[in-house]
**Q** 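What follows is a single structure, and I will ask about it in a moment.
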Amino acid sequence: VWEDLLRAFEPGALSISFIRDFWERLREESLPDVAMRLARIRVLNASSPLLNDDPLPMEWKYEEVNLRKKESRKAGPVYSGLHFVALCRSVLSGTGRSLSEILRTVIVTSQRLATHETDRWHLRTVLMGAPSVISVSGIVEAPARPREYYVLKQSDPILAGEFLKARTDWLSHDDPRLTPVLRGFILQAIQFILDPAGFAFCDVSECVLSNPHWQAHLVRTHAAERLSLCPRHLALSRFVASAKTVPEGTPP
Ligand SMILES: [Zn+2]
C-alpha cells in the first residue's frame with residue numbers, strides 16, 4: 001500500500017507551505033480565550049489524569065503574555081497533548097482552514113505535551129492527528145538519556161550533570177542537531193498525512209521513521225547528515241527530494 005501511495009504522486013506533487021508562527025494567526029480579540037483554554041489543559045501532576053479545569057488568574061495571564069511573546073516564548077507547563085491538538089485544530093478552522101487542509105498541517109512547537117497512559121502522563125515527541133504536532137521539548141526530554149545518568153542522578157546530581165557533558169549521544173535544548181532531528185519527525189508526519197489509517201512507526205531501528213525510546217537511538221538515526229531510511233521507506237527520500245516550497249496561501 002505504501003509503495004502504491006508513493007507511486008500515485010507525480011514527482012514534485014508534494015508542495016510545502018511554511019508558516020513561521022502559527023499563533024500569530026490569532027486575532028487580538030481571541031487571545032484571552034485561547035490563553036484560558038491553554039491554562040485549562042495543563043497537566044496538574046504526573047499521575048492524575050485531571051486537568052486544570054479552574055485556572056488561577058496568574059496561570060491564565062502567563063499564557064496570554066507567553067502567546068504575545070512570539071520569538072521568545074517560554075516552554076514551562078506540561079499540556080495534555082490531545083487537547084493541545086484539538087486547540088490547534090480550532091484555531092486553524094477559526095482562520096478559515098478546511099478539515100482536509102488541517103489534516104495536512106504539521107505544527108512544530110516548543111511546548112511540552114503529554115498523554116495519559118495506564119497510570120501516568122508521558123511526554124511525547126509527536127502526536128499524529130488533525131493537525132499533527134511535533135514537540136521540540138519532547139524530543140529533548142521524552143526519549144531516555146543513558147541509563148548510567150539516572151543511576152548517578154540518584155546519588156550525585158552534580159556528577160550526573162558532568163557525566164552528560166562528557167557524552168554526545170543525547171540532545172540538549174539548544175542543540176544544533178535538533179534541525180536534522182526535526183526533519184525525521186516531519187517525515188513521520190508526512191507518512192501519516194499520506195496514509196493516516198495505515199500509519200505505524202517503522203520497526204527497523206536504523207530507519208528515521210522508527211520511534212526512538214532512547215536519546216542514543218534518536219541521535220544515531222535522526223541526527224545523521226544523510227536521511228537514514230530502511231529499504232521499505234527508501235522511496236520516501238526520492239519523493240521528498242522532489243518537494244517544492246510554495247508561498248503561503250497557495251492551495252495545497
Ligand atoms: Zn522504515
Side-chain angles (χ1 to χ4, degrees), residues 38-39 41-52 56 58-59 62-63 65-66 69 71-82 84 107-127 133-188 201-228:
L38 273 169
I41 63 169
R42 286 183 183 195
V43 170
L44 291 174
N45 74 59
S47 54
S48 164
L50 295 178
L51 297 175
N52 197 22
L56 300 168
M58 58 182 292
E59 292 170 330
Y62 165 92
E63 300 294 353
V65 170
N66 210 31
K69 273 193 174 153
E71 300 288 314
S72 59
R73 227 169 260 140
K74 289 189 276 189
V78 176
Y79 302 99
S80 160
L82 298 178
F84 192 88
I107 291 172
V108 178
T109 179
S110 57
Q111 302 304 329
R112 294 185 171 89
L113 307 176
T115 51
H116 194 268
E117 283 153 47
T118 53
D119 57 350
R120 54 172 295 145
W121 290 91
H122 297 270
L123 278 185
R124 299 288 298 264
T125 50
V126 55
L127 288 133
V133 181
I134 299 169
S135 161
V136 180
S137 295
I139 292 171
V140 173
E141 296 170 21
R145 291 170 176 179
R147 210 181 296 270
E148 302 93 312
Y149 165 74
Y150 297 102
V151 177
L152 270 174
K153 199 174 160 201
Q154 286 185 352
S155 57
D156 190 338
I158 294 172
L159 199 62
E162 290 302 314
F163 167 82
L164 273 189
K165 279 188 204 161
R167 302 274 295 245
T168 56
D169 56 355
W170 63 284
L171 295 168
S172 59
H173 282 277
D174 54 357
D175 206 302
R177 293 173 295 179
L178 279 168
T179 303
V181 166
L182 267 171
R183 175 190 59 183
F185 281 95
I186 289 170
L187 267 183
Q188 290 185 348
F201 289 108
C202 183
D203 50 15
V204 176
S205 68
E206 288 74 33
C207 180
V208 82
L209 301 181
S210 63
N211 184 22
H213 297 294
W214 291 89
Q215 286 284 329
H217 175 189
L218 179 71
V219 166
R220 194 170 63 246
T221 56
H222 287 59
E225 190 82 5
R226 273 176 62 87
L227 264 183
S228 169

**Q** List the residues meeting side-chain contact (heavy atoms from CB on, under 4.5 Å) with Thr221, not counting sequence neighbours, and say none if there are none.
**A** His217
**Q** Is there a side-chain contact between Ile41 and Leu82, using heavy atoms and a 4.5 Å cut-off?
**A** no
**Q** Please walk me through it: do Glu148 and Phe163 pass side-chain contact (heavy atoms from CB on, under 4.5 Å)?
**A** CA-CA 9 Å; Glu148 302 93 312; Phe163 167 82; 3.6 Å; yes
**Q** Quick one: does any side-chain atom of Asn52 pair with a main-chain N or O of Ala39 as donor and acceptor, under 3.5 Å?
**A** yes
**Q** Between His116 and Ser47, is there a donor-acceptor pair closer than 3.5 Å when you use the side chain of the first and the backbone of the second?
**A** yes
**Q** Under the side-chain contact (heavy atoms from CB on, under 4.5 Å) rule, what do Trp214 and Arg145 come out as? Steps first, then yes or no, please.
**A** CA-CA 6 Å; Trp214 291 89; Arg145 291 170 176 179; over 6 Å; no
**Q** According to ring-ring contact (aromatic ring centres under 6.0 Å, His included), who are the partners of Phe201, at least two apart in sequence or on a separate chain?
**A** Phe199
**Q** Rounded to the nearest 0.5 Å, what's the gap from CZ on Arg167 to OH on Tyr149? Could you check?
**A** 12.5 Å
**Q** Begin with the C-alpha distance, continue with both residues' side-chain angles, and end with the deciding distance and a verdict on side-chain contact (heavy atoms from CB on, under 4.5 Å) for Leu187 and Val208.
**A** CA-CA 8 Å; Leu187 267 183; Val208 82; 4.1 Å; yes
**Q** With sequence neighbours left out, write down each residue that passes side-chain hydrogen bond (donor to acceptor under 3.5 Å, both in side chains) with Arg220, or none if nothing qualifies.
**A** none
**Q** Let me confirm one number: the CG-CZ distance from Leu113 to Phe84, rounded to the nearest 0.5 Å.
**A** 5.5 Å
**Q** May I have the list of side-chain donor-acceptor pairs in residues 119-127 shorter than 3.5 Å, sequence neighbours left out?
**A**
{"residue": "Trp121", "atom": "NE1", "partner": "Ser48", "partner atom": "O", "Å": "2.6"}
{"residue": "Arg124", "atom": "NH1", "partner": "Thr115", "partner atom": "OG1", "Å": "3.0"}

**Q** Measuring from Gln111:CD to Ser137:OG, what's the distance to the nearest 0.5 Å?
**A** 7.0 Å
**Q** Go through the structure and list residues passing side-chain hydrogen bond (donor to acceptor under 3.5 Å, both in side chains) with Asp203, not counting sequence neighbours.
**A** none
**Q** Glu206: what forms a salt bridge (charged side-chain N to carboxylate O under 4.0 Å, His left out) with it, not counting sequence neighbours?
**A** none
**Q** For Thr109, check side-chain hydrogen bond (donor to acceptor under 3.5 Å, both in side chains) against everything at least two apart and list the hits.
**A** none
**Q** Excluding sequence neighbours, so at least two apart, what forms side-chain hydrogen bond (donor to acceptor under 3.5 Å, both in side chains) with Ser110?
**A** none
**Q** According to side-chain contact (heavy atoms from CB on, under 4.5 Å), who are the partners of Val65, at least two apart in sequence or on a separate chain?
**A** Lys61, Lys69
**Q** Can you list, pair by pair, the side-chain donor-acceptor contacts under 3.5 Å of residues 152-159, counting residues two or more places apart and other chains?
**A**
{"residue": "Ser155", "atom": "OG", "partner": "Leu152", "partner atom": "O", "Å": "3.1"}
{"residue": "Asp156", "atom": "OD1", "partner": "Ile158", "partner atom": "N", "Å": "3.2"}
{"residue": "Asp156", "atom": "OD1", "partner": "Leu159", "partner atom": "N", "Å": "3.2"}

**Q** So which heavy atom on Gly138 is nearest to which on Ser135, and how close?
**A** N-OG, 2.8 Å
**Q** Arg42: what forms a salt bridge (charged side-chain N to carboxylate O under 4.0 Å, His left out) with it, not counting sequence neighbours?
**A** Glu59, Glu63
**Q** Verify, without hydrogens or angle tests, whether Gln215 (side chain) and Ala144 (backbone) share a donor-acceptor contact under 3.5 angstrom.
**A** no
**Q** Does the side chain of Leu38 come within less than 4.5 Å of Tyr62's, by heavy atoms?
**A** no
**Q** Side chain to side chain contact (heavy atoms under 4.5 Å, CB included) with Val78: which of Leu44, Val43, Asn45?
**A** Val43
**Q** Scan the side chains in residues 174-184 for donor-acceptor partners under 3.5 Å anywhere in the protein, sequence neighbours excluded, and list what turns up.
**A**
{"residue": "Asp174", "atom": "OD1", "partner": "Ser172", "partner atom": "OG", "Å": "3.1"}
{"residue": "Asp175", "atom": "OD1", "partner": "Arg177", "partner atom": "N", "Å": "3.0"}
{"residue": "Asp175", "atom": "OD1", "partner": "Arg177", "partner atom": "NE", "Å": "3.0"}
{"residue": "Asp175", "atom": "OD2", "partner": "Ser172", "partner atom": "N", "Å": "3.3"}
{"residue": "Asp175", "atom": "OD2", "partner": "Arg177", "partner atom": "NH2", "Å": "3.0"}
{"residue": "Arg177", "atom": "NH1", "partner": "Thr168", "partner atom": "O", "Å": "2.7"}
{"residue": "Arg177", "atom": "NH2", "partner": "Thr168", "partner atom": "O", "Å": "3.2"}
{"residue": "Arg177", "atom": "NH2", "partner": "Trp170", "partner atom": "O", "Å": "2.9"}
{"residue": "Arg183", "atom": "NH1", "partner": "Glu225", "partner atom": "O", "Å": "3.1"}
{"residue": "Arg183", "atom": "NH2", "partner": "Ala224", "partner atom": "O", "Å": "2.7"}

